[in-house]
Amino acid sequence: MNLRVLLVEDNIDLANSILEFFALKNIIHDFAGNGNTGLSLASSNVYDVLVLDVNLPGINGLKVCSQLRLKGIDVPVLMLTARDTLSDKLDGFDSGADDYLVKPFALSELLARIYSLSKRKSGLSKFFKVDDLEMNIQKKTVSRGGIKLELTPICWTILEVLMRNSPNLVPKEELLFAIWGEEQPDSDNLKVHMHKLRHVLGQGPTLIHTIRGHGFAIREQ
């Protein structure tokens, strides 16, 4: 399957070189020349990787990245920058970037970084929302319909895994490993905790769906 990449870069010569290279490598791509357009595209489309310049007109790349993370968008982000100081790199990682590439760079290195990032989702998203259910990883809070919910540690882990993968299916085995690692108890334990979690989420529309024989998913009706 071809990769789909969004490039956000205001240097037109560099952007054209990268886009031509993407075309040669059969990478499906979109392009934005400023931060506002980049944020809009990344918020409304699904990409395997976002290649994001730091210095952009409109809103800069750091702000674009942090806004995406606040929205719960976990596309892996590769930051491009001309600055090579430690503080600049830390600023990028603090905003939610997954990797950092300093200009000038070889296109082959850019491609290698993109392929590497495309194999995983970012683990840096801090906020997730499905229907009226909201989960803030940084603040360690969960609410539904504006009402704060109290979760046990295991229910928190289950919900976080489901929210990070929403609306996709999470296999039962993946949930068991996320909770208990290699030392897994009887599978009935998972049923008990799923029941508790459903109870805590309340009487609104069902959000947690069981796909019998496969696993679970959290999604809107």
Side-chain angles (χ1 to χ4, degrees), residues 1-6 28 42-50 65 68-78 93 96-99 112-144 148-221:
M1 185 174 69
N2 291 335
L3 293 180
R4 187 174 185 188
V5 176
L6 172 62
I28 301 168
S43 300
S44 55
N45 297 287
V46 176
Y47 298 100
D48 295 297
V49 177
L50 170 57
C65 189
L68 291 174
R69 297 307 186 223
L70 287 172
K71 292 181 177 184
I73 296 172
D74 58 357
V75 58
V77 173
L78 173 61
F93 290 128
D98 297 272
D99 201 358
R113 300 284 187 96
I114 288 173
Y115 280 140
S116 177
L117 286 175
S118 70
K119 295 175 183 177
R120 61 184 173 87
K121 283 192 171 184
S122 174
L124 295 172
S125 293
K126 296 180 175 64
F127 180 81
F128 302 94
K129 187 175 189 301
V130 177
D131 198 273
D132 61 346
L133 178 64
E134 298 182 354
M135 186 175 205
N136 191 312
I137 303 298
Q138 190 171 31
K139 295 181 179 179
K140 290 291 183 183
T141 60
V142 175
S143 65
R144 185 167 190 192
K148 187 176 179 180
L149 307 178
E150 297 295 334
L151 300 182
T152 64
I154 288 180
C155 284
W156 173 277
T157 300
I158 293 171
L159 184 61
E160 181 177 350
V161 173
L162 293 177
M163 293 288 271
R164 284 190 181 278
N165 287 276
S166 178
N168 298 321
L169 168 81
V170 177
K172 177 182 175 182
E173 294 75 17
E174 185 175 326
L175 269 180
L176 288 169
F177 186 82
I179 300 166
W180 291 291
E182 298 289 351
E183 302 297 325
Q184 296 177 10
D186 188 282
S187 61
D188 283 344
N189 283 28
L190 180 60
K191 292 180 182 178
V192 171
H193 291 291
M194 290 297 297
H195 177 77
K196 287 182 182 178
L197 180 57
R198 285 190 168 101
H199 178 73
V200 172
L201 295 187
Q203 301 299 315
T206 299
L207 296 179
I208 297 179
H209 304 272
T210 302
I211 295 83
R212 295 195 181 279
H214 296 284
F216 305 89
I218 190 163
R219 58 178 71 128
E220 298 181 21
Q221 286 279 27

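Predicted model, so just to flag it, every value in this text is computed and none were measured.
Not counting sequence neighbours, the partners of R4 by the salt bridge (charged side-chain N to carboxylate O under 4.0 Å, His left out) test are D30. Considering only residues two or more places apart in sequence or on other chains, K148 meets the side-chain contact (heavy atoms from CB on, under 4.5 Å) condition with T141, E150. For E174, the salt bridge (charged side-chain N to carboxylate O under 4.0 Å, His left out) test picks out no residue, with sequence neighbours left out. In terms of the side-chain hydrogen bond (donor to acceptor under 3.5 Å, both in side chains) criterion, S143 has no residue partners (sequence neighbours excluded). For H193, the side-chain contact (heavy atoms from CB on, under 4.5 Å) partners two or more places apart in sequence, or in a different chain, are I154, I158, W180, K196. R113 is linked by a salt bridge (charged side-chain N to carboxylate O under 4.0 Å, His left out) to D99, E109, counting only residues two or more places apart in sequence or in another chain.
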Stepwise side-chain contact (heavy atoms from CB on, under 4.5 Å) test for L50 and I73 = CA-CA 11 Å; L50 170 57; I73 296 172; over 6 Å; no

Taking it one step at a time, do L190 and F216 satisfy side-chain contact (heavy atoms from CB on, under 4.5 Å)?
-> CA-CA 11 Å; L190 180 60; F216 305 89; 4.0 Å; yes

Candidate pair M163 and V142, rule side-chain contact (heavy atoms from CB on, under 4.5 Å), full reasoning | CA-CA 11 Å; M163 293 288 271; V142 175; over 6 Å; no

Does the side-chain contact (heavy atoms from CB on, under 4.5 Å) test come out yes or no for I137 and W156, once each step is laid out?
-> CA-CA 10 Å; I137 303 298; W156 173 277; 4.1 Å; yes

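With values rounded to the nearest 0.5 angstrom, T206 atom OG1 is found 10.5 Å from I218 atom CD1. Rounded to the nearest 0.5 Å, atoms CG (L162) and CG (L207) are 10.5 Å apart. For the atom pair E220 CD and H209 NE2, the distance stands at 9.0 Å (nearest 0.5 Å). With rounding to the nearest 0.5 Å, the separation of CE in M194 from CG in L159 is 9.5 Å. With rounding to the nearest 0.5 Å, the separation of CZ in R198 from OG1 in T210 is 3.5 Å. Residue L149 holds its CG atom at 7.0 Å from CG of L133, rounded to the nearest 0.5 Å.
The closest side-chain heavy-atom distance from Y115 to L3 is below 4.5 Å. A 4.5 Å side-chain heavy-atom check between L201 and I208 finds at least one atom pair inside the cut-off. When side chains are defined from C-beta on, V75 does not count as touching L6, because their heavy atoms never get closer than 4.5 Å.
Residues S166 and V130 share a closest heavy-atom pair of OG-CG2, 3.5 Å. The two residues T157 and A178 make their nearest non-hydrogen contact at CG2-O, 3.8 Å. Between C65 and A97, the closest heavy-atom pair is SG-N, 3.5 Å.
Remark: side-chain polar atoms of D132 are not paired, donor with acceptor, to backbone N or O of R144 under 3.5 angstrom.
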